[in-house]
Amino acid sequence: MRERRIAVVSAGLSNPSSTRMLADRLAASTLGALADRGIDAKVDVIELRDLAHDITNNLLTGFAPAPLEEAINRVVSADALIAVTPIFSTSYSGLFKSFIDVIDPDALTGKPVLIGANAGTARHSLAIDYAIRPLFTYLHAEPVSTGVFAASSDWGASADEVAPLGARVERGAKELADAVAQREATVHTDPFDPASYLGEGRSFGHLLGGLSGE
């Protein structure tokens, strides 16, 4: 069975970042849930703060610099996506939305997504369902039912004991692992490899031979 790959997008601006902390917890829990299902996987973490200038240049020029193009390719070719953003003004951050905007609108079709978000107060927890989930639904991605929100209090001694962050992370990770397990592994083909459109083991010689009647 081919190793699955999970792309993790973190839109935190600070370093260290609570957004990255949440992304890392979601990634680790997802890897564990996949391992429980007998599926080997690895994660590719993409820090958007490192690509902020490239994202802006892409929006202005329509061309993605090499580091941004690599990040986009890692997202669209992954078997699943974990997307985590801080909440600013009751919605996703501008950097997060700008990155989504430079991805081809059809590139995330059918891709399982685990949504994460963090903010200073739990009052912003509904942003996952009224802002972020509709964004991915519009792009025809498949967000899992559980979105994981973390307020500042979730990281301290006074964390919620009724629905602790760890339980929410585990639930979301299991749902993403289930979604990955139910899908065929993504097969990546080289568009310049004749086998991708002529058939395995065939070359242009076979095509030319066929045209000449041989």
Side-chain angles (χ1 to χ4, degrees), residues 4-12 18-34 36-37 39 41-48 71-119 122-151 154 163 165-186:
R4 307 297 179 91
R5 190 166 54 80
I6 313 299
V8 181
V9 171
S10 172
S18 55
T19 302
R20 177 60 187 271
M21 288 170 57
L22 179 58
D24 287 344
R25 289 191 64 172
L26 292 170
S29 191
T30 299
L31 288 180
L34 287 168
D36 291 341
R37 291 157 177 75
I39 299 174
K42 67 177 183 178
V43 299
D44 285 332
V45 179
I46 299 162
E47 279 279 9
L48 296 188
I72 293 172
N73 289 338
R74 284 156 61 190
V75 169
V76 302
S77 64
D79 295 284
L81 171 64
I82 296 173
V84 187
T85 177
I87 300 301
F88 296 151
S89 301
T90 73
S91 188
Y92 38 68
S93 72
L95 179 60
F96 180 82
K97 181 57 164 56
S98 295
F99 178 70
I100 297 299
D101 284 344
V102 300
I103 297 176
D104 186 284
D106 298 321
L108 299 181
T109 297
K111 192 179 298 296
V113 180
L114 173 55
I115 299 169
N118 68 286
R123 292 195 302 271
H124 295 299
S125 60
L126 292 179
I128 285 181
D129 290 321
Y130 69 67
I132 310 172
R133 188 179 303 278
L135 172 64
F136 284 107
T137 300
Y138 173 79
L139 296 171
H140 303 292
E142 297 182 0
V144 299
S145 298
T146 298
V148 182
F149 179 86
D154 284 312
L165 178 60
R168 287 176 274 139
V169 166
E170 184 177 347
R171 184 168 64 248
K174 286 181 177 179
E175 291 176 5
L176 186 64
D178 285 340
V180 171
Q182 291 167 8
R183 291 163 52 89
E184 294 293 331
T186 301

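The figures that follow rest on heavy atoms only: side chains count, while hydrogens, waters and symmetry mates do not.
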*Looking at OH of Tyr92 and CD1 of Ile115, how far apart are the two atoms once the value is rounded to the nearest 0.5 Å?*
11.0 Å
*Could you tell me whether Arg5 and Asp44 make a salt bridge, using a distance below 4.0 angstrom between a side-chain N and a carboxylate O?*
yes
*Looking only at atom types and distance, does a side-chain atom of Arg74 sit under 3.5 Å from a main-chain N or O of Val45, one as donor and one as acceptor?*
yes
*Got a salt bridge between Arg20 and Asp24, using NZ or NE/NH1/NH2 to carboxylate O under 4.0 Å?*
yes
*asked:* Please give me the minimum heavy-atom distance between Ala151 and Ala122, naming the atom from each residue.
replied: CB-N, 3.6 Å
*Can you name the residues that form a side-chain contact (heavy atoms from CB on, under 4.5 Å) with Ser125, not counting sequence neighbours?*
Phe149
*What is the minimum heavy-atom distance between Thr85 and Ser93, and which atoms define it?*
OG1-N, 3.2 Å
*From CA spacing to verdict: side-chain contact (heavy atoms from CB on, under 4.5 Å), Arg168, Asp154*: CA-CA 11 Å; Arg168 287 176 274 139; Asp154 284 312; 3.0 Å; yes
*asked:* Taking the side chain as everything from C-beta on, heavy atoms only, tell me whether Leu135 gets closer than 4.5 Å to Phe96.
replied: yes
*How many angstroms lie between atom CD1 of Ile132 and atom OG1 of Thr137, to the nearest 0.5 angstrom?*
11.5 Å
*asked:* Is the shortest side-chain heavy-atom distance between Leu165 and Val148 below 4.5 Å?
replied: yes
*For Glu175 and Thr146, indicate whether the former's side chain and the latter's backbone hold a donor-acceptor pair under 3.5 Å.*
yes
_I need the Glu170 CD to Leu26 CG distance, nearest 0.5 Å._
12.0 Å
*CD1-CZ distance between Ile82 and Arg25, expressed to the nearest 0.5 angstrom*: 13.0 Å
*Kindly give the heavy-atom pair with the smallest separation between Ile128 and Gly147, and that separation in Å.*
CD1-C, 3.8 Å
*Which heavy-atom pair separates Ala27 from Val43 by the least distance, and what is that distance?*
CB-CG1, 4.1 Å
_My understanding is that only residues two or more places apart in sequence, or in another chain, count here; which of them pass side-chain contact (heavy atoms from CB on, under 4.5 Å) with Ala28?_
none
_Working for side-chain contact (heavy atoms from CB on, under 4.5 Å), residues Arg37 and Asp178_ = CA-CA 9 Å; Arg37 291 157 177 75; Asp178 285 340; 2.8 Å; yes
*Provide the closest heavy-atom pair for Val9 versus Leu81 in the form atom of the first, atom of the second, distance.*
CG2-CD1, 3.7 Å
_Test item: His140 and Leu108 side chains (from C-beta on) under 4.5 Å apart, heavy atoms_ = no
*asked:* Within this structure, what is the NZ-CG distance for the pair Lys42 and Leu31, rounded to the nearest 0.5 Å?
replied: 11.5 Å
*Starting from the C-alpha separation in whole Å, work towards a yes-or-no answer on side-chain contact (heavy atoms from CB on, under 4.5 Å) for Val180 and Ile6.*
CA-CA 9 Å; Val180 171; Ile6 313 299; 4.3 Å; yes
*asked:* Donor-acceptor check, side chain of Lys111 to backbone of Val76, threshold 3.5 angstrom: yes or no?
replied: yes
_pair Ile72-Asp104: side-chain heavy atoms closer than 4.5 Å_ = no
*Pairs touching residues 128-141 that satisfy salt bridge (Lys or Arg N to Asp or Glu O under 4.0 Å), sequence neighbours left out*: Asp129-Arg133
*What distance do Leu48 atom CG and Ser10 atom OG have between them, rounded to the nearest 0.5 Å?*
7.0 Å
*Over all heavy atoms of both residues, which pair between Ala41 and Leu34 is shortest? Give the atoms and the distance, please.*
CB-CD1, 3.6 Å
*Do other residues, nucleotides or ligands put more than 12 heavy atoms under 6.0 Å from Arg123 CZ?*
no
